[in-house]
Structure formats: structure tokens, C-alpha cells
Amino acid sequence: MKKIDILNYITNFRKAPNDIKTHSQIVSQLNVSDETLLNQLLLELVQSKVIRQTEADGEKAYQVISR
């Protein structure tokens, strides 16, 4: 799993540039076996201001804010 895989799943700049995906959607779509690695990659993306953590349906969600 790479950061680009996460970013590609969260958004498609042509079809849905402001799409928001919940943590459980990301886990299920990317078939994550090691959630600690996923959380670490998401944290790095948040810290580098590429994605923003928000809340959707009472759950952690992520949105890409930088291209």
C-alpha cells in the first residue's frame, strides 16, 4: 500500500474532486490487513496538508485538499 493508492481512492479530480471517504470505506476498498500502516500513512498525508481529516456520518473521514 502506498500513499498514492490512498489518494487515488479518496478522489478522482475529474469526476469527484471534493469527494470525502470515511476511514472504514478506505479500509474495505484497499483491503487493508495492517491498519497501523494505513493510519501512519494517513497521518503523514494530514501533516503534509495533502488531505484533511473531517467527520462524516459520525466517523473519521478524509478529503484531498492539495493536488
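Everything quoted here is computed from the prediction, not taken from an experiment.
Take D19 and apply the salt bridge (Lys or Arg N to Asp or Glu O under 4.0 Å) test, not counting sequence neighbours, and it matches K21. Applying the side-chain contact (heavy atoms from CB on, under 4.5 Å) rule to K49 yields no partners; only residues at least two apart in sequence or on another chain are considered. Q63 is linked by a side-chain hydrogen bond (donor to acceptor under 3.5 Å, both in side chains) to R52, counting only residues two or more places apart in sequence or in another chain. N39 meets the side-chain hydrogen bond (donor to acceptor under 3.5 Å, both in side chains) test with H23; sequence neighbours excluded. Applying the side-chain hydrogen bond (donor to acceptor under 3.5 Å, both in side chains) rule to T54 yields no partners; only residues at least two apart in sequence or on another chain are considered.
To the nearest 0.5 Å, atom CG of residue L45 and atom CG of residue L41 are 7.0 Å apart. To the nearest 0.5 Å, atoms CG (L43) and CG (L38) are separated by 11.0 Å. Between the CG atom of N18 and the CD1 atom of I65 there is a distance of 11.0 Å, given to the nearest 0.5 Å. Between K60 atom NZ and I26 atom CD1 the span is 9.5 Å, to the nearest 0.5 Å.
Screening residues 28-47 for salt bridge (Lys or Arg N to Asp or Glu O under 4.0 Å) gives K3-E44 as the qualifying pairs, with residues at least two apart or on separate chains.
Of the possible polar contacts, one joining the E59 side chain to the S24 backbone as a donor-acceptor pair under 3.5 Å is found. Between the D5 side chain and the K2 main chain, a donor and an acceptor come within less than 3.5 Å of each other.
Evaluated for a side chain to side chain contact (heavy atoms under 4.5 Å, CB included) with V64, the options I20, N8, I6, I10 yield exactly one hit, I10.
Using a 4.5 Å heavy-atom cutoff, the side chains of I51 and T11 are not in contact.
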